[in-house]
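Right, one structure below, let's go through it.
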Amino acid sequence: MVQIKLPDGSVKEYSEGVTPRQIAEGIGKRLADAAVAAVANGQIVDLDRPLEHGTDAPIELKLLTSRDREALDVLRHSSAHIMARAVMRLFPGTQLAFGPTTSTGFYYDMRVPGRSISEEDFPAIEAEMARIVEAAEPFERFALPVAEARQFCAGLDQTLKVEHIDEELSLDKYGGILSFYRQGEFVDLCRGPHIPHAGKLGAGAFKLLTIAGSYWKGRTTGPVLQRLYGTSFFDRKELDAHLAQVEEAKKRDHRRIGKELGLFTISPLVGSGLILWMPKGAAVRGQLESFLKDELIKRGYQPVYTPHIGKVDLYRTSGHYPYYKDSQFPPLKLLNDEAIQLVLALEKKLEDQASSSELTAEAEAALVKSAGIGLTWSEWSALSTRAKIELVNEKATAEEYLLKPMNCPHHTQIYAALPRSYRDLPVRLAEFGTVYRYEQSGELSGLTRVRGFTQDDAHLFCTPDQVRGEFRATMELTQHVLSSLGLSDYKVRLSRSDPEDPKYQGAAGDIWRRAEDDIRSVLVEMQLPFEEAPGEAAFYGPKADFLVRDCLGRQWQLGTVQLDYVLPERFGLEYIGADNQPHRPVMIHRAPFGSMERFMGILIEHFAGAFPLWLAPEQVRVLPISEKAEAYAQTVLAELQKAGLRASIDLRSEKIGAKIRDAQLEKLPAMLVVGQKEAESGQVSYRDRLEGDKGAMPLSAAIDRLLEENASRVIRQAAVVAPTAPEPPASEEQHAY
RNA sequence: GCUGGCGUAGCUCAACUGGCAGAGCAUCGGUUUUGUAAACCGAAGGUUGUGAGUUCGACUCUCACCGCCAGCUCCA
């Protein structure tokens, strides 16, 4: 007998091997029909999976219906199978890889021999899926020992599945037993669980979305697969609602709004991933920067400035150079004088063959020698002109500079420029420092992934005793900053080292552990919920990252606070302690916004371009009713500007309705309508973006109102928050089977 | 970087299988002098991303490059 405990607390006895479906039937026919799957002791299982006793304790069972979020996940997993089955019918011989669910749908990676699937095939695939759904055949589970499972997959000619079994499932991972699910002619190696039959997927409640390339198990060297994305629901209406919501989200995309409102632009002539801030975007960013700068000054930070380049040796010393060579702009090479002459002469020769006689062989030989190329004349003269230039560039480099990929090395040199006493610590050096990273072309995206960006960076140098306090203060600063902007939908990740990864080998284990413990205990102390991520740490230390989601559901790292015991060591930083002995300071790297560009991107989406008054590029616009009120309107504008408000005036020969409409579309927080009535009484008619016409009031009252709202940084517009969807399964889970 | 898709006026989009590149909005000029989300008339605006090729003829077909989009990979 097995004891089953239901969510209402009741415990009932059933015979061994009873299935959730049988239990549901015992409760009521309606429940049995509605049930999709079940949760047994926290694990989601098929409705027809016999329940077995693990311990003496009763099995806690919950039946899942279409109302449960977990059920939707099961449905989507089954949808992936249905899609794969449809593809197999249309394109026999298709190789299947993995078909997991995501937070908003599902995908299946596959390879169709001899052709590729395109979006034009979607209608046919969807039609085939509809037939499968209509047939409503059951998903039947069966299990095989690994060896037989392998043979079975081989028999199905599913070589990717065979490979996966060999690589990861051949060990006694799942008790040496692998499960399969059969749907009519279609069988797939799969851990499950699944919906009882295909008919549970509502008619028309699924849709193929897009197709993209993917790598088999993420290996860039391996075969490229096609990933078909789709989504599904229990009901067609839910699908429609979801699709409508996706459309809405697209309207908030910062790339679109940035263009519409003239906030920023990107010019291919300047370069991909290099942001050009237009006046309006610059105004918003400027407000953010001064807001943060004020907060920093209050907290004892000292602003500094450092240049955009630094010698390669700086990054060799810091240790950044070898790790991040790939993602840097190539070094600027400066040649010695002789080499410069030589290259100039050679380049001239390349351009203009006729006058090549300018560089005599004697002169060339002399330059080659004094430039320090290190070749004999006969070796040298055997080379082509182009090869010579290349060689000189390589061999005769006097100095190399990097566009700085981070600010910390520069800041260490400011710290090191003075003798430091323990009484001086902590030293907090802050800078809006622009850094450059050569991101892969396919990675660039609007403001969120760029090649040049400005960090609201600071480095704190403190004694070991001060670490926890400083770390906590920076976490609180970040929280304060985010909440001041109405951003609450973020999460904190403790990014730890991964002992397996050689990247972290340099650091002594003890120090790392201590740093990670410090961070963890502060997070706990602050009662900040967080998740741990091994292998996400910087090479010099663990960190706490703030992750925020954009309107399309993509997650981005914004603020970060990092502990660093490595760079002070590498740069030999010191302070004199109370014991009159030199000691090593600890560094804390921190950036509440992270990157100004990325943060602006998130903020644009967060407010859908409708910034609160204190951030708005244009805070208020004067709208004269007609030319007759123009003179008065000008005096109103002058008063607004005198009060320090970002104000403008609309002098077009348009009707007031059109001026209002345009100002609304440009998301101006406030409008002052002035006509003859107002001109005569010295008043303005105040129109609020959200609340509409507020009626006439004295100009001074309007200004007070605006100044008050500006100073208190009110956020009145309820932020449109993207629906918080559960995380996609962890990668390990995705690749289970 | 990889896979796939896309690139027509400042913006949003038309132009059947290869056969004279068009509309709305924005812009400019004029008329209108307006009371809380779009006044009216007119003009101008293009080597169809760039460069080759196929063809009597290319926005349309082919190739290369540039850029953008989705995803993969990467992300100090």
Side-chain angles (χ1 to χ4, degrees), chain A residues 102 107 109 111 116-120 209-229 250 253 255-256 259-260 262 266-269 271-273 315 318-321 323-328 404-409 435 437-446 448-450 455 457 495 503 536-541 543 552 554 556-557 560 562 564 567 589 591 594-595 598 623-630 652-666 671-678 685-689 692-696:
Chain A
T102 68
Y107 65 81
D109 284 346
R111 184 169 56 180
S116 59
I117 298 176
S118 82
E119 293 191 14
E120 284 164 23
L209 298 174
T210 177
I211 192 161
S214 69
Y215 295 107
W216 168 236
K217 295 195 178 187
R219 294 170 196 153
T220 50
T221 49
V224 174
L225 307 173
Q226 288 197 292
R227 177 170 296 181
L228 270 66
Y229 281 90
K250 280 186 190 159
D253 191 321
R255 292 167 293 194
R256 175 189 177 126
K259 188 183 249 185
E260 279 169 2
I266 300 170
S267 156
L269 204 51
S272 299
Y315 301 99
S318 70
H320 289 106
Y321 193 64
Y323 289 116
Y324 307 115
K325 220 173 165 177
D326 299 343
S327 49
Q328 281 160 177
K404 69 176 172 189
M406 69 281 300
N407 301 301
C408 33
V435 298
R437 297 175 190 177
Y438 194 81
E439 304 289 355
Q440 299 180 66
S441 58
E443 276 311 324
L444 301 174
S445 173
T448 37
R449 197 72 188 272
V450 293
Q455 296 177 313
D457 212 354
S495 298
K503 183 160 103 172
E536 290 292 325
F539 77 89
Y540 48 72
K543 52 183 186 159
L552 299 176
R554 293 182 281 205
W556 299 98
Q557 180 186 316
T560 178
Q562 315 179 353
D564 181 1
L567 289 193
H589 308 236
S595 133
R598 182 177 287 179
L623 310 179
I625 300 275
S626 79
E627 246 169 59
K628 291 174 195 154
E630 194 179 313
R652 293 174 307 163
S653 163
E654 291 286 352
K655 290 169 76 169
I656 193 64
K659 294 183 182 183
I660 288 173
R661 179 182 144 86
D662 289 343
Q664 287 282 151
L665 290 176
E666 287 176 55
M671 291 150 245
L672 301 182
V673 176
V674 296
Q676 286 207 277
K677 274 185 294 185
E678 290 79 5
S685 183
Y686 192 110
R687 185 184 164 93
D688 183 272
R689 178 178 60 207
D693 190 2
K694 305 296 286 180

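Throughout, protein chains are lettered first and strands after them, A, B, ... in sequence-line order, and every chain is numbered starting at 1.
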Quiz prompt | Closest nucleotide among B:A70, B:U36, B:A37 to the A:Thr210 side chain | solution = B:A70
Quiz item: A:Met671 has an atom CE; how far is it from atom C1' of B:G35, in whole Å?
Solution: 15 Å
Quiz item: If you check the A:Lys259 side chain, which of B:A37, B:C11, B:C72 turns out closest?
Solution: B:C11
Exercise. Tell which nucleotide pairs with B:U31, taking only Watson-Crick or G-U wobble pairs whose two distances are both under 3.5 angstrom.
Key: B:A39
Exercise. Determine the contact category for A:Gln226: base if any of its heavy atoms lies under 4.0 Å from a base atom, sugar-phosphate if only primed atoms, P, OP1 or OP2 are that close, otherwise nothing.
Key: nothing
Practice problem: Could you tell me whether A:Lys659 contacts a base, only the sugar-phosphate backbone, or nothing, with contacts defined as non-hydrogen atoms closer than 4.0 Å? | Solution: nothing
Practice problem: Take the protein atom CG of A:Leu225 and the nucleotide atom P of B:C72, then report the distance between them rounded to whole Å. | Solution: 13 Å
Quiz item: Please give, in whole Å, the distance from B:A76 P to A:Met406 CE?
Solution: 9 Å
Practice problem: Output the single nucleotide from B:A38, B:G67, B:C75 whose closest atom is nearest the side chain of A:Arg449. | Solution: B:C75
Exercise. Could you pick out which residue, A:Tyr686 or A:Ile266, lies toward the 5' side of RNA chain B when each is mapped onto its nearest nucleotide?
Key: A:Tyr686
Practice problem: Could you check which nucleotide pairs with B:C20 in any of the strands shown, counting Watson-Crick or G-U wobble with both distances under 3.5 Å? | Solution: none
Exercise. Measure from the side-chain heavy atoms of A:Lys543 and tell me the nearest of B:A76, B:U34, B:A37.
Key: B:A76
Self-check item: Under 4.0 angstrom between A:Ser272 side-chain N/O and B:C68 OP1 or OP2
Solution: yes
Exercise. Look at the side chain of A:Glu439 and decide which nucleotide, out of B:C75, B:G4, B:U36, has an atom nearest to it.
Key: B:C75
Exercise. Kindly indicate whether the side chain of A:Ser116 and the base of B:U3 share any N or O donor-acceptor pair separated by less than 3.5 Å?
Key: no
Quiz prompt | Integer-rounded Å distance: B:U3 P and A:Tyr107 OH | solution = 19 Å
Quiz item: Between A:Lys677 and A:Gln328, which has a closest nucleotide on RNA chain B that is more 5'?
Solution: A:Lys677
Quiz prompt | Pair assignment for B:C59, Watson-Crick or G-U wobble, requiring both distances under 3.5 Å | solution = none
Quiz item: When all nucleic acid strands are considered with a 4.0 Å heavy-atom cut-off, which category describes A:Ser214: base, sugar-phosphate, or nothing?
Solution: sugar-phosphate
Quiz item: Which one, B:U31, B:A76, B:C72, comes nearest to the side chain of A:Tyr215?
Solution: B:C72
Practice problem: Rounded to the nearest angstrom, tell me the gap between atom CZ in A:Arg652 and atom P in B:U32. | Solution: 19 Å
Quiz item: Which whole-number value in Å describes the distance from A:Gln440 CD to B:G71 P?
Solution: 15 Å
Quiz item: Out of B:U34, B:C69, B:A37, which nucleotide sits closest to the side chain of A:Arg255?
Solution: B:C69
Self-check item: Side-chain donor/acceptor of A:Arg437 to backbone N/O of A:Pro405, under 3.5 Å
Solution: yes
Self-check item: B:G51 and B:G10, which share atom name C1', separated by this distance in whole Å
Solution: 25 Å
Self-check item: Inter-residue atom distance A:Glu120.CD - A:Ile211.CD1, 0.5 Å rounding
Solution: 11.0 Å
Quiz item: Rounded to the nearest 0.5 Å, how far does CG of A:Leu623 lie from CD of A:Glu654?
Solution: 11.5 Å
Quiz item: When all nucleic acid strands are considered with a 4.0 Å heavy-atom cut-off, which category describes A:Glu120: base, sugar-phosphate, or nothing?
Solution: nothing
Quiz item: Counting side-chain heavy atoms from C-beta on, which of B:A76, B:U36, B:G35 comes nearest to A:Ile625?
Solution: B:G35
Quiz item: Once you round it to whole Å, what is the distance between C1' of B:A37 and CD1 of A:Ile656?
Solution: 11 Å
Quiz item: With a 3.5 Å cut-off and just heavy-atom distances, do the side chain of A:Ser653 and the base of B:U32 make a donor-acceptor pair?
Solution: yes
Exercise. Supply the atom-to-atom distance A:Ser626 OG to A:Gln676 CD, rounded to the nearest 0.5 angstrom.
Key: 6.5 Å
Quiz item: Taking the side chain from A:Gln455 and the backbone from A:Ala591, do they hold a donor-acceptor pair closer than 3.5 Å?
Solution: no
Practice problem: Pick base, sugar-phosphate or nothing for A:Gly675, based on heavy-atom distances below 4.0 Å to the nucleic acid. | Solution: base
Quiz prompt | Minimum-distance nucleotide to A:Lys628 side chain [options: B:A76, B:U33, B:A37] | solution = B:U33
Quiz item: Whom does B:A70 pair with, Watson-Crick or G-U wobble, provided both distances fall under 3.5 Å?
Solution: B:U3
Practice problem: Could you label the plane-to-plane angle of the A:His589 and A:Tyr540 rings as parallel, tilted or perpendicular, counting under 30° as parallel and over 60° as perpendicular? | Solution: parallel
Exercise. Check every strand shown and say whether A:Gln557 touches a base, only sugar-phosphate, or nothing at a heavy-atom separation below 4.0 Å.
Key: nothing
Quiz prompt | C1' atoms of B:U34 and B:G24, separation to the nearest Å | solution = 24 Å
Quiz item: Which of the following nucleotides, B:A76, B:G35, B:A70, is nearest to the side chain of A:Ala212?
Solution: B:A70
Quiz item: Base, sugar-phosphate, or nothing: which does A:Val224 touch, judged by heavy atoms less than 4.0 Å apart?
Solution: sugar-phosphate
Self-check item: Short side-chain to backbone donor-acceptor contact, A:Arg449 and A:Leu444, under 3.5 Å
Solution: no
Exercise. Could you measure between the two C1' atoms, the one in B:C56 and the one in B:C20, and give it in whole Å?
Key: 16 Å
Practice problem: Please work out if A:Leu665 contacts a base, only the sugar-phosphate, or nothing of the nucleic acid, heavy-atom cut-off 4.0 Å. | Solution: base
